[in-house]
**Q** 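Just dropping this structure here.
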Amino acid sequence: MTLALFKVILAIIVFLVAIIGGLWPFIKKINHLTSEEITEFDFPVGESVASGIFLGAGLLHMLPDAVKDFSKAGYDYPFAFLIAGASFLLLLLLEHISVSLKHHSAQLFSSIALLTVTMLSIHSFLEGAAVGLAASFATTIIIFIAIIAHKGAASFALSINLNRSHIGLTYRIIAFSIFVLMTPLGIFSGDWILATTQHGTLLTPIFSSLAAGTFLYIGTLHGLERTSLIRHCCNMKEFFFMFTGFIIMAIVAVWT
């Protein structure tokens, strides 16, 4: 099996997991249950391992590759770190805006839901791009595992936000569909860039840097007060799993 075909299979799996993860809140909403009756689930071990993998993938794989490609293209300025930092701060800004809206008015659920769709769609596309840009089976599989570990929960949380809002059913479905399609689209885009761009092109390091910033954010601050890094930091079990995820990416870096 070629790496390109393998990525197509992974894109289909992510697509199905995202749909399944977000389906239940839609069904509950159609059955006229209240938002309080739609309960969230938690998977701290999976979230912790995924956070460590994202952190390791961003620092040990995406950023070094981007720095190398920018250097080969003749750029000495640390553009990889600039782009990654900008990506990190943009996602942090979007999340701060979302949290601020939640705290200031209970009537802004629709705006919050649409902002959440935007933020998670950016996450999802760049996560997928990281899979598409991966040049080996080992890196592809590890990043895919990290994505799958939180994709269902992210889809579920987004679906809850959409179904708590006053947005019409058609627009809720459209918004959710955009989110569901973003990771597969990112995988195909990243793989296309990897396969078709010429040596020295800037597209590859730019996308790698954007993905690195996204991975660093997901591995550290995504969710803010609910983030795994903060919520489970005093629980040595979860911290151990987070550290394990980071070590996994450090070991994979030996061969990639």
Side-chain angles (χ1 to χ4, degrees), residues 1-22 41-65 120-158 179-191 194 207-208 210-220 222-223 227-229 231-232 237-256:
M1 179 186 297
T2 65
L3 183 57
L5 177 58
F6 183 61
K7 290 176 182 177
V8 170
I9 295 173
L10 297 186
I12 294 172
I13 294 174
V14 171
F15 176 78
L16 294 175
V17 168
I19 288 180
I20 294 171
F41 63 88
D42 193 16
F43 188 20
V45 171
E47 290 177 1
S48 298
V49 173
S51 294
I53 289 176
F54 280 128
L55 191 60
L59 289 174
L60 302 174
H61 294 264
M62 309 307 295
L63 269 179
D65 289 346
L120 290 180
S121 293
I122 294 173
H123 283 180
S124 298
F125 180 82
L126 293 174
E127 288 172 0
V131 174
L133 289 167
S136 69
F137 278 95
T139 302
T140 301
I141 292 171
I142 294 299
I143 296 176
F144 168 75
I145 290 173
I147 291 174
I148 284 295
H150 82 287
K151 177 59 68 175
S155 180
F156 185 79
L158 175 61
F179 163 75
V180 167
L181 290 170
M182 281 299 104
T183 299
L185 182 61
I187 293 175
F188 296 139
S189 298
D191 188 60
L194 187 67
F207 268 86
S208 294
L210 288 170
T214 301
F215 277 26
L216 292 176
Y217 183 73
I218 296 174
T220 55
H222 178 44
T227 185
S228 185
L229 184 69
R231 187 160 40 121
H232 303 311
K237 176 183 175 182
E238 272 74 35
F239 183 82
F240 169 78
F241 281 111
M242 188 181 299
F243 184 71
T244 299
F246 184 82
I247 292 298
I248 289 173
M249 293 312 297
I251 294 173
V252 172
V254 175
W255 295 285
T256 59

**Q** Measure across Leu194 and Gly132 and return the closest heavy-atom pair with its distance rounded to 0.1 Å.
**A** CD2-O, 3.7 Å

**Q** For Ile248, check side-chain contact (heavy atoms from CB on, under 4.5 Å) against everything at least two apart and list the hits.
**A** Ile142, Thr244, Val252

**Q** Tell me every residue that passes salt bridge (Lys or Arg N to Asp or Glu O under 4.0 Å) with Asp191, counting only those two or more places apart in sequence or in another chain.
**A** Lys7

**Q** Using the side-chain contact (heavy atoms from CB on, under 4.5 Å) criterion, which residues pair with Leu181? Sequence neighbours excluded.
**A** Phe15

**Q** Evaluate the side-chain contact (heavy atoms from CB on, under 4.5 Å) criterion for residues Phe125 and Thr214: first the C-alpha distance (whole Å), next the side-chain angles of each, then the deciding distance (0.1 Å), finally the verdict.
**A** CA-CA 10 Å; Phe125 180 82; Thr214 301; over 6 Å; no

**Q** Taking C-beta and beyond as the side chain, do Ile148 and Val14 meet within less than 4.5 Å on heavy atoms?
**A** yes

**Q** Restricting to non-hydrogen atoms, name the atom on Gly58 and the atom on Ala212 that form the minimum distance, rounded to 0.1 Å.
**A** O-CB, 3.9 Å

**Q** I need the Thr139 OG1 to Leu60 CG distance, nearest 0.5 Å.
**A** 11.0 Å

**Q** Applying side-chain contact (heavy atoms from CB on, under 4.5 Å), name anything that partners Ser155, two or more places apart in sequence or on another chain.
**A** Ala18, Phe176, Phe179

**Q** Quick check for you: to the nearest 0.5 Å, what is the distance between Leu120 atom CG and Lys151 atom NZ?
**A** 8.0 Å

**Q** Search all heavy atoms of Ala11 against all heavy atoms of Pro184 and return the closest pair with its distance.
**A** O-CG, 3.6 Å

**Q** For Phe6, enumerate each residue passing the side-chain contact (heavy atoms from CB on, under 4.5 Å) test, keeping only those at least two apart in sequence or located in another chain.
**A** Met1, Leu3, Leu10, Phe137, Thr140, Ile141

**Q** So, taking the atom named CD1 in Ile147 and the one named CD1 in Ile13, what distance separates them when rounded to the nearest 0.5 Å?
**A** 12.0 Å

**Q** OG1/Thr183 to NE2/His123 distance, rounded to the nearest 0.5 angstrom?
**A** 11.0 Å

**Q** Tell me if a side-chain donor or acceptor on Ser189 pairs with a main-chain N or O of Ala129 at a distance below 3.5 Å.
**A** no

**Q** So, taking the atom named CG in Leu158 and the one named OG in Ser121, what distance separates them when rounded to the nearest 0.5 Å?
**A** 7.0 Å

**Q** Should Ser208 and His61 count as side-chain neighbours, where that means a heavy-atom distance under 4.5 Å?
**A** no

**Q** Can you sort out the partners of Phe215 under ring pair (Phe, Tyr, Trp, His ring centres under 6.0 Å), two or more places apart, ordered by chain and number?
**A** Phe54

**Q** Quick one: pull up CG in Leu59 and CG in Leu216 and give me the separation to the nearest 0.5 Å.
**A** 5.0 Å

**Q** Mind listing the closest non-hydrogen atom pair of Ala130 and Ala211 along with its distance?
**A** CB-CB, 4.0 Å

